[in-house]
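Everything on this sheet refers to the single structure shown next.
Numbered from 1 within each chain, the chains take letters A, B, ... in sequence-line order. The structure presented is a predicted model; accordingly, all values stated were derived computationally and were not measured.
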There are 4 protein chains.
Amino acid sequence: MSEKKREIISAAAELIHTKGYEATKLSDIMQASDIGKGQFYHYFSSKRELGLTIVDYYAEMWDRELIQGVFHSSFSAEKKMENMLEWAVNYHVSTQALSGCPFGNLAIEMSEHDEEFRLKINNLIDQWINHLADVMKDLRGEDQALQHARVVVAQIEGGILLMKNYQDISILKDIIAMIRLNYLDKGE
Amino acid sequence: MSEKKREIISAAAELIHTKGYEATKLSDIMQASDIGKGQFYHYFSSKRELGLTIVDYYAEMWDRELIQGVFHSSFSAEKKMENMLEWAVNYHVSTQALSGCPFGNLAIEMSEHDEEFRLKINNLIDQWINHLADVMKDLRGEDQALQHARVVVAQIEGGILLMKNYQDISILKDIIAMIRLNYLDKGE
Amino acid sequence: MSEKKREIISAAAELIHTKGYEATKLSDIMQASDIGKGQFYHYFSSKRELGLTIVDYYAEMWDRELIQGVFHSSFSAEKKMENMLEWAVNYHVSTQALSGCPFGNLAIEMSEHDEEFRLKINNLIDQWINHLADVMKDLRGEDQALQHARVVVAQIEGGILLMKNYQDISILKDIIAMIRLNYLDKGE
Amino acid sequence: MSEKKREIISAAAELIHTKGYEATKLSDIMQASDIGKGQFYHYFSSKRELGLTIVDYYAEMWDRELIQGVFHSSFSAEKKMENMLEWAVNYHVSTQALSGCPFGNLAIEMSEHDEEFRLKINNLIDQWINHLADVMKDLRGEDQALQHARVVVAQIEGGILLMKNYQDISILKDIIAMIRLNYLDKGE
DNA sequence: GATGAATGAGAGTTCATTCAT
DNA sequence: GATGAATGAACTCTCATTCAT
């Protein structure tokens, strides 16, 4: 993939993360990645195609950081869970972004009226939940492992939503802390 | 408030709930509420003002159904919690809408770049959390009541997000069931 | 129909007559009828809809001048034929337009890839041929009346094509004269 | 001329025949002849130059099939006329194309606003008419030979126009049959 | 209080053409 | 001789908003 295409994707990803898909205009993207109209359409056939490519771009990051970096690591279940929680918070701390979850936002904006977006995003979320369910099995046995995984993911995504609405990252930190308390520090 | 204005608000609220604020066009609203351009601008000075009015409209519903109907009722803390959970699920069951949470969606779409929207929505969420914190105090003592309230709200909002992305209401039902298990059926 | 809409139609009809449908740009139409983009789309939902409306506009003229004015007149068959030929030449003489036949041009441009255009135009041509076939029956009996009607229409449309390519109206006049000779002055 | 250039010309000729000059985009041509932007501009300096080249390409075919193949043959005038009529119908039968006459279409689309196109096409048509006039002289004497030639060409081109608008080749066949009847089977 | 015509900036997209490699 | 990235004007169309009646 050409350098320029990558540049467009990452500039657009950031814009869409911040403003949403619909509110991000092609002109914003062109300005942010310093290209003209023609060049944009040289690389992408439409704004929607760019949007879908961005989801793929998140999917790669996701796979690298979460699936490979956390779940496929050789750490213990406890440590995996801990790393996942840290990773979730750190993303928002490091970017100082109070924009929320990049694909959580897209999930809400696109799921109902664009099936292709929905499925791509759902694939990410479903992977997350399933890998977490495996960790749950190690942590607390087979019983309701999937349900607990869903609860944790919901809690994180909901926590990010609250953080965004309060524009205060400590809200998310607190909620993540509660997950830790509930699933990791139980017996202590 | 004139009947027509109310009609516009409720038609627009539904559209925005489904498609989002940005993706809902004035023309959609005019068509859905059967009015012309002139009449719209007679009642509202701008699309944004309508949007803000819609948040107020949700605030009324909110106050009626959740604050008065649940938290200010004379039921026990357990029953209040139970009713709140039922109310949360029922909204999505009854409307068969897989559109998600009307103001949760707006929170994500608007919080970062429109402070007035953010504050209005935050007011609703904050009320919810604070009233729930009171219930928590009754249920399980002062300790971390606010944190637990936030966790529950996050879990519900996150559950709705997952439900929307899976386009499957059972996801939300399961997550709500887990909250019930965690906070209500503990000792049983 | 509003005056403005009529103005747009007639300005656009002339442009499309001269330059063709595809080569006539919205900006040409806007300039010629002195309107802005918005106003155009207030009256028409698309360029194509305008195009179809223009065919209807020709159909009206057609009905008025040819069907009512010539074929439904109380003249003899000879006189009807004569009037039709005169009308055909006069259109091109009076407008000094060497643009050809307004809907003959469209027939060629649109027939193959836009069925709605094709059918609308075909309706005009078919009416012409059928009314002329009736005149032929009066003139020279039932035998091959339809075939002769088609031949005459083909000769006229083909004559207009030659006229346009030679950019010389005398070509058309000559061909019309030959039709007259063939069908009207036979016995003389 | 390189093989590739010939390929581009024939692919573009077919596209323009079907869709028209304006509606045929460079991208269509590039796709149909499997070349890139650079290669196109290596062989042609512009779309217009390609268009003019295509008329030349038709002129060659024209010369080969009609002028040499029919008019310069050693057949009798009757047989030449007959062969010309057969050739005219066969082109549309064999290609099953209801796209009409390749340069008749161009004549209508281009004659009025591109003098170079007009003259090139006019050259073809004029040759046709003049050669046919010679045949007419043999067939029916000097009297109005040119006029009759024009009428026949007009009838054929008009017949093709009707055929295209009816999307029915039998219309053309019928009209050609009438020419035969009029000029060849007269005395029989 | 209501209508819908008018506005015009800007949306996403197309396209012939140029240019660096 | 060939590639495809880059250009930018122009294209059809959208939209929130204003204005005259």
Side-chain angles (χ1 to χ4, degrees), chain A residues 1-5 7-8 21-31 33-51, chain B residues 2-5 8 21-30 34-51, chain C residues 1-5 7-8 21-31 33-51, chain D residues 2-5 8 21-30 34-51:
Chain A
M1 198 193 295
S2 96
E3 195 51 47
K4 200 74 202 172
K5 183 166 186 181
E7 201 183 320
I8 298 171
Y21 175 80
E22 197 73 18
T24 298
K25 308 301 179 181
L26 242 24
S27 59
D28 300 329
I29 295 168
M30 280 158 45
Q31 204 178 352
S33 49
D34 194 33
I35 53 162
K37 302 226 163 193
Q39 205 172 353
F40 178 86
Y41 282 94
H42 177 65
Y43 290 113
F44 302 95
S45 64
S46 66
K47 181 185 172 186
R48 184 167 174 273
E49 201 220 301
L50 167 64
Chain B
S2 97
E3 192 52 46
K4 199 73 206 173
K5 184 167 185 179
I8 298 170
Y21 175 79
E22 195 74 16
T24 298
K25 310 301 178 184
L26 244 26
S27 59
D28 299 329
I29 295 168
M30 280 159 43
D34 195 34
I35 52 163
K37 299 238 159 185
Q39 201 167 174
F40 178 87
Y41 281 95
H42 174 66
Y43 290 118
F44 302 95
S45 65
S46 67
K47 180 184 172 186
R48 185 165 172 275
E49 201 220 301
L50 167 64
Chain C
M1 199 193 294
S2 97
E3 195 50 48
K4 200 75 205 171
K5 184 168 186 179
E7 203 183 320
I8 298 170
Y21 175 80
E22 196 74 16
T24 298
K25 307 301 180 183
L26 243 25
S27 59
D28 300 328
I29 295 168
M30 280 158 44
Q31 203 178 352
S33 51
D34 194 34
I35 52 164
K37 304 224 162 192
Q39 203 171 352
F40 177 86
Y41 282 94
H42 178 65
Y43 288 114
F44 302 95
S45 64
S46 67
K47 181 185 171 185
R48 184 166 174 274
E49 201 220 301
L50 168 64
Chain D
S2 98
E3 193 52 46
K4 200 72 206 173
K5 184 168 186 180
I8 298 171
Y21 175 79
E22 196 73 19
T24 298
K25 310 301 179 184
L26 244 26
S27 60
D28 300 329
I29 295 168
M30 281 158 43
D34 195 32
I35 52 162
K37 299 239 158 182
Q39 202 168 173
F40 178 86
Y41 282 95
H42 174 65
Y43 290 117
F44 304 95
S45 65
S46 68
K47 180 185 172 184
R48 185 165 172 275
E49 200 220 302
L50 166 64

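Here the C1' atom of nucleotide F:dC11 and the CZ atom of C:Arg48 are 18 Å apart, to the nearest Å. In this structure, D:Leu50 atom CG and E:dT17 atom P are separated by 10 Å, rounded to whole Å. Protein atom CZ of B:Phe40 is 12 Å distant from nucleotide atom C1' of F:dC15, rounded to whole Å. Distance, C:Met30 CE to F:dC11 P: 10 Å, rounded to whole Å. Between the CZ atom of D:Phe44 and the P atom of E:dT18 there is a distance of 16 Å, rounded to whole Å. Protein atom NZ of C:Lys37 is 7 Å distant from nucleotide atom C1' of F:dC11, rounded to whole Å. Taking atom CD1 on D:Ile29 and atom P on E:dT14, their separation rounds to 17 Å, with Å as the unit. In this entry the distance linking NZ of A:Lys25 with P of F:dC13 reads 19 Å, nearest Å.
Residue A:Ser27 has a polar side-chain atom (N or O) positioned under 4.0 Å from OP1 or OP2 of E:dA11.
DNA chain E is contacted by both A:Gly38 and C:Ser2; C:Ser2 maps to the nucleotide lying nearer its 5′ end (nearest heavy atom per residue). Between A:Ile35 and B:Leu26, the residue whose closest nucleotide on DNA chain F is further toward the 5' end is A:Ile35. Nearest-nucleotide mapping onto DNA chain F: of C:Ser45 and B:Ser46, the residue sitting toward the 5' end is C:Ser45. Sequence order on DNA chain E of the closest nucleotides to C:Gln39 and D:Glu22 puts C:Gln39 first from the 5' end.
Side-chain contact between A:Leu26 and A:Lys37 is absent, with no heavy-atom pair separated by less than 4.5 Å. At a threshold of 4.5 Å between non-hydrogen side-chain atoms, the residues A:Leu50 and A:Tyr43 do not count as touching. With contacts defined as side-chain heavy-atom distances shorter than 4.5 Å, the pair A:Glu22/B:Tyr21 does not qualify.
If you check F:dA20 for Watson-Crick or wobble pairing at under 3.5 angstrom, you find it paired to E:dT3. Judged by Watson-Crick or G-U wobble contacts below 3.5 Å, the nucleotide E:dG12 has F:dC11 as its partner.
Closest to the side chain of D:Lys47, from the set E:dA2, E:dT17, F:dT18, is E:dT17. Nearest nucleotide to the side chain of D:Tyr41, out of F:dA16, E:dA2, E:dT17: E:dT17.
Note that CD1 of B:Ile29 is 6.5 Å distant from NZ of B:Lys47, once rounded to the nearest 0.5 Å.
B:Tyr43 comes within 4.0 angstrom of the backbone, heavy atoms only, and of no base.
Looking at A:Asp34, its side chain never comes within 3.5 Å of a backbone N or O of A:Gln31 through a donor-acceptor pair.
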